[in-house]
Amino acid sequence: MRIYSPVPEVFNALRGTNIELLVDVANEDIQALATNPSAAANWVQNNIQSYSPDVKFGYIAVGNEVPLSSSIAQYVGPAMGNIQNALASAGLQDQIKVSTSISAGLLGISYPPSQGSFSNEARPFITPIINLLVQNNAPLLVNVYPYFSYIGDEANISLDYASFTSQGTVVQDGSFGYQNIFDAVLDAHYSALEKEGGSNVEIVVSETGWPSDGNPPAASSENAGTYYRNVISHVNSGQGTPRRPGRGIETYLFAMFDENGKSGAETEKHFGLFFPNQQSKYGISFN
């Protein structure tokens, strides 16, 4: 499970459940934690140590898709370092990994996947972060949305390629063949990591999903249900990606509930696996 800021009610509900939690440092808190190690220590004390080991924390994401143009981008790496030091002081550095969650927008080149690289604009931001991940054996968190790739380029990206229903190879990249864009996006990030000294950094998919409404015909219950079922099957199969075969892909589905009060594009209200009344939309099994 992932939550985007510390919520004591959620922590208390998860006590003793053995459900692993990814918890975010909210974007607005990053600067304070970067500039004040005591603030980072207090954050870890109040939000992690106070609930561990009753709550099983797996990751701390220092920010979610922090825009490169924002004033807080420069503070993400230092905040990660301070949180890491606070975890080490608490003896939790081997149990809980510190990272940040990025969007595919940091890639300057994503096609073909073997040529994946971070943009010149992103490199000063991401390279120090990759160095921290390497030092601490932590993964990079990446939000992967084939839906947005599809609606952004329907002339070249088919619905089958976006939703795991292609019957054969769609993109041949040297010796690697791709039947779905999910794997292609992941491998483009692996290629980009390799170019920045992060060959051993794993990727955890910190968000993926498909909206059921708000932009027909692409956003529909049928397409969303197909995507969620197929991505669950794929990441659990142990198949991995062409570039990183033979392993499961740790993946967080976005989102648990429709956010009917959310602002922005209409589709943003319809990514849930459940309606706001807690009724299941797709009857999905995670086994």
Side-chain angles (χ1 to χ4, degrees), residues 103-105 107 109-117 139-194 202-256 258 265 267 270-274 280-287:
S103 76
L107 294 180
I109 299 173
S110 60
Y111 180 86
S114 61
Q115 298 303 308
S117 62
L140 180 64
L141 308 179
V142 181
N143 297 340
V144 179
Y145 282 98
Y147 166 78
F148 289 116
S149 300
Y150 168 61
I151 66 168
D153 191 8
E154 291 186 42
N156 295 302
I157 297 173
S158 70
L159 181 60
D160 286 344
Y161 188 50
S163 59
F164 297 91
T165 55
S166 296
Q167 296 304 303
T169 297
V170 177
V171 170
Q172 191 67 42
D173 181 15
S175 61
F176 300 130
Y178 292 88
Q179 286 188 242
N180 64 81
I181 197 169
F182 182 91
D183 284 351
V185 171
L186 279 183
D187 277 357
H189 282 87
Y190 276 121
S191 295
L193 283 166
E194 291 168 6
E202 295 291 332
I203 291 173
V204 169
V205 177
S206 44
E207 289 181 15
T208 194
W210 196 289
S212 60
D213 203 353
N215 182 32
S220 69
S221 291
E222 181 180 359
N223 288 344
T226 296
Y227 180 78
Y228 283 117
R229 291 185 185 95
N230 288 342
V231 74
I232 290 167
S233 175
H234 181 65
V235 302
N236 282 336
S237 70
Q239 179 180 337
T241 71
R243 203 171 191 87
R244 294 288 191 276
R247 64 183 77 183
I249 303 169
E250 190 170 352
T251 301
Y252 291 78
L253 302 181
F254 185 89
M256 186 174 291
D258 276 354
T267 52
H270 300 285
F271 275 88
L273 297 177
F274 295 84
S280 174
K281 290 167 72 173
Y282 311 113
I284 283 173
S285 170
F286 292 92
N287 298 324

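Throughout, residue positions are numbered sequentially from 1 according to the sequence presented.
- Between Leu193 atom CG and Asp187 atom CG the span is 11.0 Å, to the nearest 0.5 Å.
- Judged by distance alone, with hydrogens and angles left aside, the side-chain atoms of Ser233 form no donor-acceptor pair with the main-chain N or O of Asn230 at under 3.5 Å.
- Atom CZ of Phe176 has more than 12 neighbouring heavy atoms from other residues, nucleotides or ligands inside a 6.0 Å radius.
- Not one N or O on the side chain of Asn143 forms a donor-acceptor pair closer than 3.5 Å with the backbone of Ser103.
- Note: Ser175 OG to Arg243 CZ = 8.5 Å, rounded to the nearest 0.5 Å.
- Note: Leu159 CG to Ser166 OG = 9.0 Å, rounded to the nearest 0.5 Å.
- Exactly one residue among Tyr227, Tyr228, Tyr145, Tyr252 makes a side chain to side chain donor-acceptor pair (under 3.5 Å) with Thr208. That residue is Tyr227.
- The main-chain N or O of Ser221 is never found under 3.5 Å from a side-chain atom of Lys281 such that the two would form a donor-acceptor pair.
- Of the possible donor and acceptor atoms, none in the side chain of Arg244 sits under 3.5 Å from a partner among the backbone N and O of Glu202.
- When all heavy atoms of Leu107 and Ala188 are compared, the pair lying nearest together is CD1-CB, 3.9 Å.
- Scanning both residues, Phe286 and Asn236, for their nearest heavy atoms gives O-ND2, 3.5 Å.
- Judged by distance alone, with hydrogens and angles left aside, the side-chain atoms of Ser191 form a donor-acceptor pair with the main-chain N or O of Pro113 at under 3.5 Å.
- Judged purely by distance below 3.5 Å, without hydrogens or angles, the side chains of Thr165 and Asp160 pair a donor atom with an acceptor atom.
- A 4.5 Å side-chain heavy-atom check between Ile249 and Asp183 finds at least one atom pair inside the cut-off.
- Between Ile203 and His189, the shortest heavy-atom contact is CD1-CB, 3.5 Å.
- Residues Asn215 and His270 bring no donor and acceptor atom of their side chains to less than 3.5 Å of each other.
- A donor-acceptor contact shorter than 3.5 Å is absent between the side chain of Glu154 and the backbone of Asn156.
- Ser114 contributes atom OG, which lies 10.0 Å from atom CD1 of Ile109 (distance to the nearest 0.5 angstrom).
- Here the CD1 atom belonging to Ile181 is positioned 9.0 Å from the OG atom belonging to Ser158, to the nearest 0.5 angstrom.
- The two residues Ala184 and Tyr161 make their nearest non-hydrogen contact at CB-OH, 3.6 Å.
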Evaluate the criterion side chain to side chain contact (heavy atoms under 4.5 Å, CB included) for residue pair His234 and Gln179; output intermediate values, then yes/no. CA-CA 11 Å; His234 181 65; Gln179 286 188 242; over 6 Å; no
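- Evaluation of the salt bridge (charged side-chain N to carboxylate O under 4.0 Å, His left out) rule for Glu250 yields no partner, not counting sequence neighbours.
- Within the model, atoms OG of Ser212 and OH of Tyr282 stand 4.0 Å from one another, a figure rounded to the nearest 0.5 Å.
- Taking each heavy atom of Ala218 and Tyr147 in turn, the nearest pair found is CB-CE1, 4.0 Å.
- Environment of CD in Gln172: crowded, with over 12 heavy atoms of neighbouring residues, nucleotides or ligands closer than 6.0 Å.
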Residues Leu253, Val231; criterion side chain to side chain contact (heavy atoms under 4.5 Å, CB included); working and verdict: CA-CA 9 Å; Leu253 302 181; Val231 74; 3.9 Å; yes
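- Contact between Asp173 and Tyr178 at its shortest, heavy atoms only, is CB-CE1, 4.0 Å.
- Using a 30° and 60° split on the angle between ring planes, Phe182 and Phe164 fall in the tilted class, from 30° to 60°.
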